[in-house]
Amino acid sequence: MPDPSNSDDLQEMRQEQNLLRQCISTCNTRLWQTTRQAASDLNSKEPEWAILRFIGGVDLSCHKDDQTKACAALVVLRLPDLEVVYKDFIVDDVTVPYIPGFLGAREYPLISRLLDRIRDKSPELFPQVLLVDGNGILHPRGCGSACYVGVKEKVPCIGVAKTFFHLPGWSDTFEDDLRKTLISHGDSADMVHDGRVVGKALIASKKSTNPVFVSVGHGIDLETAVWVVLLCSKYRVSEPVRQADQLSRQIINNLSKLPLGTLC
DNA sequence: GCGACAG
DNA sequence: ATCTTGTCGC
């Protein structure tokens, strides 16, 4: 298992990110993305695969005083009502510690197992797009956790981060400038890095002044990603991520309060 | 050397 | 990630 306290392993993880980055598609790859057809209109004659109906969310919560124990959760919501139609979680040890810039290496393995399980148990509910708690190409090497999931699983993925991630080359006031832009120029602001728009600061809920940071993970373009996030943002944090966050946190907390072994 | 640092 | 209740506001 990789041990990032070892600088050789860290270098290997950097190399993996550089390889994964080559495989990222920041274009739309599905028909529902191009047409932006969501299951909001009931009497649509389009086939199921041409309409966005199932949106997934994944998140991982850690044990209070043991970073190596975690619960990963996957939820699937159905449009247009955002009803939760699938829930699953895995409690297990996480071998890779948290290191800024390498969240994907830490979280991907458990997420992968969750996706294997829904493919096996309920393939008809497999999400057409996945929202990942973290960043996509808004990342020092253009390979955040949403890119790990998207590229490795070949699933359209969107990164939704709750806090700002500072990239090398940005000024110290970049985040403040973003927020000022939001106040004066509306509800979203481009985040430009090396001349590329790598993400969007987005006020997803009309009630909040605090933005969420959306970036492409894989297999979808940024404008469509924003469209998806807005589709399922009842609150600041979009429902799929919120539900997955809630579920994983509840499980990991109850686990610490119980004496021993009540699993499955 | 020191601080900053998605979750 | 987690430590953490009430509270101010729509």
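Within every chain, numbering begins at 1; the chains are lettered A, B, ... in the order of the sequence lines, protein sequences first and strands thereafter.
Phosphate contact (OP1/OP2 of B:dG7, side-chain N/O of A:T163, threshold under 4.0 Å): present.
Classification of A:R249 and A:D245 as a salt-bridged pair holds, one side-chain N sitting under 4.0 Å from a carboxylate O. With respect to A:R119 and A:E124, no salt bridge is recorded, no charged nitrogen being found less than 4.0 Å from a carboxylate O. The pair A:R113-A:D92 meets the salt-bridge criterion, since a charged nitrogen lies less than 4.0 angstrom from a carboxylate oxygen. Under 4.0 Å is where a charged nitrogen must lie from a carboxylate oxygen, and between A:K162 and A:D133 at least one such pair does. A salt bridge links A:K152 with A:E16: the closest approach of a Lys/Arg side-chain nitrogen to an acidic carboxylate oxygen falls below 4.0 angstrom.
Within the 4.5 Å cutoff, the side chain of A:S205 has no heavy atoms near those of the A:S233 side chain.
In this structure, CG of A:N135 is placed 9 Å from P of B:dA6, rounded to the nearest angstrom. Atom CZ of A:R249 and atom C1' of B:dG7 are 11 Å apart (whole Å). Put simply, CG on A:D59 is 8 Å from C1' on B:dG7, counting in whole angstrom units. Straight-line distance from the CZ atom of A:F164 to the C1' atom of B:dA4: 12 Å, rounded to whole Å. Computed from coordinates, the A:F165 CZ to B:dG7 C1' distance equals 10 Å when rounded to whole Å. Counting to the nearest Å, the P atom of B:dA4 and the CH2 atom of A:W170 are 19 Å from each other. Whole-Å rounding puts the A:D245 CG to B:dA6 C1' distance at 14 Å. Distance NZ (A:K162) to C1' (B:dG7): 7 Å, rounded to an integer number of Å.
Contacts between chain A and DNA chain C, taken as any atom within less than 4.0 angstrom of a protein heavy atom, begin and end at C:dA1 to C:dC3.
A donor-acceptor pair shorter than 3.5 Å cannot be found between the side chains of A:Y148 and A:E107. In the model, A:T68 has a side-chain atom that pairs as donor or acceptor with a side-chain atom of A:D66 under 3.5 Å. Between the side chains of A:R14 and A:Q11, at least one donor N or O sits under 3.5 Å from an acceptor N or O. A donor-acceptor pair shorter than 3.5 Å cannot be found between the side chains of A:T173 and A:D176.
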Give DNA chain C the dot-bracket treatment, 5' to 3': Watson-Crick (N1-N3 with N6-O4 or O6-N4) or G-U (N1-O2, O6-N3) under 3.5 Å, [ ] crossing, | other strand. ..........
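With a cut-off of 3.5 Å on both pairing distances, the Watson-Crick and G-U wobble pairs of DNA chain B never assemble into a stem of 3 or more.
Residue ring and nucleobase are stacked for A:Y98 and B:dG7, with a centre distance beneath 5.5 angstrom and an angle between planes beneath 30°.
From A:L60, atom CG reaches atom CG of A:L74 across 12.5 Å, with rounding to the nearest 0.5 Å.
Within 4.0 Å (heavy atoms only), A:G159 reaches no atom of the nucleic acid at all. Among the protein residues, A:H139 comes within range of the nucleic acid bases, having at least one heavy atom under 4.0 Å from a base atom.
Using bins of under 30°, 30° to 60° and over 60° for the plane-to-plane angle, the ring pair A:W170/A:F164 lands in the parallel bin.
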